[in-house]
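What follows is a short report on a single structure.
All values below were derived from every heavy atom in this structure, side-chain atoms included, with hydrogens, water molecules and symmetry-related copies excluded. Below, read A as the first sequence line, B as the second, and so on, with proteins coming before strands; counting in each chain starts at 1.
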Amino acid sequence: MISFTQTLRLALSALIRNRSRSLLTMLGVVIGVAAVIVTVALGTGAKTSVANQINGLGSNLIVVMPGSVQTSGARTGNGGASTLTVADGLAIAKLQGVGSVSPSVNVRTQIVANGQNWQTAATGVAPTFTAVRSWDVASGRFFTQSETDDAAKVVVLGQTVVSALFPDGSSPVGRTVLIKGVPFTVIGTMIAKGQSGGGQDQDDTALIPYTSALERLTGGTTIGSLLVSAVDADHIASVQTQITGLLEQRHGIVGAKSDDFQVRNLQDIAAAASSTASILALLLAAVAGVSLVVGGIGIMNIMLVSVTERTREIGLRVALGARGAAILRQFLIEAVLLSTGGGAIGVVLGVAGAAAIVVFAHWPATVPVTAVLLALAFSAAVGVFFGYWPARKAAALDPIRALRFE
Amino acid sequence: MTPVVEVRTLRKVYSIEGGEDVVALRGVDLTIDPGEFVAVMGPSGSGKSTFMHIVGLLDRPTSGAYYFAGHEVSALGADALADLRSRALGFVFQAYNLLPRTTAIENVELPMIYAGVPAATRHRAAMDALDAVGLAKYAQHQPNQLSGGQQQRVAIARSIVNQPQLILADEPTGALDTVSSEDVMTLFRRLNAERGMTVMLVTHEPDVAAHARRLVTFRDGSIVSDEAVREKVLA
Ligand SMILES: Nc1ncnc2c1ncn2[C@@H]1O[C@H](COP(=O)(O)OP(=O)(O)OP(=O)(O)O)[C@@H](O)[C@H]1O
Ligand SMILES: [Mg+2]
């Protein structure tokens, strides 16, 4: 009986005898696996970066927004007639398990300073904002409660606004900027935070006391949203329920009447975003997987041709004492070598492709080890599956017919 | 002395779909003792190749008994037959049947691979066999770098490398010119005389058959004559 390593050698030398055909046969699997690796790398990269960005917002953050939620989840009336008030926020702050609360009033406006102007969002918040968002000042200081009570004309700038208005790199602290024509004194700048999960530049902001925003910029009393932080992750759910109950009571919502607000926590948003990313990655991987199967069919095709072409060789091997099982194993191993060889080359190309995308397109991409192992295992399986039939045909050849074959 | 081959009333019938059955062998009896050198002749279609295939355990008779080295082989399974072929039989074909793009020594090693001979022994034995056919220098040559006669000698080296009990050659000189045919037949004769190898070969050429010591003639699926060959007088 012939050993496995010997059969492996026979298979390898048969493949090497037909180098160029072997390489061409592998091509389908090479492309399939490379496609799988690149798409999985992109999907995983997107998922991690979404998760990172959302966690960067503060993972215990709960956002209360005006507007109703339909059962389907589609939002209607969001940002329409705003119904949230500062008093709602004060009431929420007294709830069990709530860390801090800050209202948020968004005003899209021009900021002018230093001979430059910049279109941005001025956001009115409370001094608790730094705690709620776990976001600190980089220089200067944040505004105080008494400045808030006084609706003081002070502003803390995000880094994008700083570089837009002070491109020379001079410190903005102590300078005066015009927001909607109203002069505000810059008292600090925020640490750079980067993009949010939604792709927004979080540093493109100017933070002012919400009182100043309401009195000096919008002239209203309703606020855009309430930012609430739970004391820890375990309290998020209970805080959400309490907020819902409290606001329904305060807004007089009973029975079938739908809520005029929505309470969301960032964990949910993060989960939703990352599951979207997962589904996308899965879809892409499925498409890539199909191309892998097509590669497998290519292998089967060539193996079948090669069985016919090597009929005499097979007859010879049988005459020289090869058992049917030895022939079967040799052809099966040839198919598996082709498919896993193609898989290995595909992994290398896929990893290189993912790296190139990171470098040139600046997209996040990570290649999980499990994806590499799975791709290799799958391509080996493709070889076994699509190699079995040709191998069976080879082993079943009648040696006499095979030897007489022209 | 146990005969290497002993067949009794061997019949082989090919049934053709939608046609009459072809009787390729109709009751053949033959005994070959160790050390014999038998030539088989006969017109085309007389059943020579069919007989060789059955004796070589590549095909089964329709009826009759076949004892190989004293053992009844018709009861053996496919794997047992394969093992017997690898250990006890050597084949030489008209078309050489060497693996292309594979060196001479690797071709000679092939039967030992299927017999499970360890690699170290294999190389030695293959070199010895190539030496015996006078091609030790060509060990690293590939078939397309060898003449027809040389390729057939590599094939003969391959057939003797496992020290088989019987070498079967179906028209081994059929594709060779007179000079190469003589080389190959001299080689068979030497292997038979010096190493005591049992050889049975099919040929259409009386000159080739003259190298053997016994001549069996087939006609229409039967043996019609079985006689000793007069020692060929070499000029
Ligand atoms: N697979 C087969 N199916 C049907 N008939 C066959 C088959 N193989 C051989 N035969 C028939 O059996 C008979 C003997 O054939 P065989 O090949 O043994 O002749 P041969 O003596 O070797 O002839 P040649 O000298 O031409 O090689 C022929 O009539 C042939 O047509
Ligand atoms: Mg014949």
Side-chain angles (χ1 to χ4, degrees), chain A residues 1-23 25 305-334 391-406, chain B residues 12 14 24 49-54 56-60 77-103 106-119 122 142-144 155 158-159 161-162 164 167-171:
Chain A
M1 259 306 280
I2 173 172
S3 68
F4 177 78
T5 37
Q6 281 308 329
T7 318
L8 190 66
R9 291 230 179 105
L10 289 181
L12 257 178
S13 53
L15 293 180
I16 291 168
R17 269 206 302 277
N18 286 302
R19 250 170 247 109
S20 40
R21 167 195 283 194
S22 300
L23 284 173
T25 310
V305 170
S306 133
V307 167
T308 310
E309 217 185 63
R310 288 159 67 191
T311 298
R312 277 181 88 85
E313 176 200 325
I314 295 163
L316 171 75
R317 290 177 188 277
V318 171
L320 295 184
R323 291 183 176 189
I327 302 285
L328 183 103
R329 250 190 296 161
Q330 180 184 334
F331 275 79
L332 204 52
I333 290 174
E334 283 184 26
R392 270 280 303 275
K393 272 192 74 165
L397 276 180
D398 176 3
I400 298 164
R401 274 165 190 254
L403 283 168
R404 287 189 174 175
F405 183 83
E406 293 303 332
Chain B
K12 178 71 183 182
Y14 292 107
S49 293
T50 307
F51 182 67
M52 293 290 269
H53 290 146
I54 293 173
L57 305 176
L58 288 167
D59 203 356
R60 293 172 192 274
D79 285 350
L81 291 180
D83 293 351
L84 258 182
R85 282 198 300 273
S86 91
R87 278 190 292 107
L89 288 161
F91 291 94
V92 179
F93 308 94
Q94 178 176 352
Y96 327 134
N97 281 339
L98 299 177
L99 289 187
R101 276 177 267 176
T102 305
T103 59
E106 283 170 333
N107 266 295
V108 174
E109 281 187 45
L110 199 56
M112 291 187 281
I113 291 178
Y114 288 116
V117 177
R122 242 166 31 214
Q142 299 185 354
N144 60 3
R158 182 179 64 189
S159 76
V161 77
N162 273 344
I167 295 170
L168 296 169
D170 197 345
E171 301 186 38

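- The nearest pair of heavy atoms linking B/R158 to B/Y96 is NH2-O, 3.1 Å.
- Of the atoms belonging to B/R87, not a single heavy atom falls under 4.5 Å from chain A.
- Of the possible donor and acceptor atoms, none in the side chain of B/N97 sits under 3.5 Å from a partner among the backbone N and O of A/R312.
- Under a 3.5 Å cut-off, the side chain of B/R85 and the backbone N or O of A/L320 do not form any donor-acceptor pair.
- Contacts between residues 8-17 of chain A and chain B, defined by a heavy-atom separation under 4.5 Å, are made by A/L10, A/R17.
- Applying the 6.0 Å contact sphere to CZ of A/R392 captures no more than 12 heavy atoms from other residues, nucleotides or ligands.
- Counting heavy atoms from C-beta outward, A/I314 and A/F331 have side chains that approach closer than 4.5 Å.
- No other option in A/D398, A/T7, A/L316 has as many heavy-atom pairs under 4.5 Å with chain B as A/L316.
- Residues forming a side-chain contact (heavy atoms from CB on, under 4.5 Å) with B/D170 (at least two apart in sequence, or on another chain): B/S49, B/V202.
- Residues B/T103 and B/E106 bring a donor and an acceptor atom of their side chains to less than 3.5 Å of each other.
- Between chain A and the options B/T102, B/L89, B/L99, the largest number of non-hydrogen pairs under 4.5 Å is found for B/L99.
- Most heavy-atom pairs under 4.5 Å with chain B: of the set A/P399, A/A322, A/G324, A/G315, this distinction falls to A/A322.
- Ranking B/S159, B/P164, B/G90, B/P100 against chain A, the residue ahead of the rest is B/P100, based on heavy-atom pairs under 4.5 Å.
- Side-chain atoms of B/N107 never come within 3.5 Å of backbone atoms of B/A155 as a donor-acceptor pair (strictly under, hydrogens ignored).
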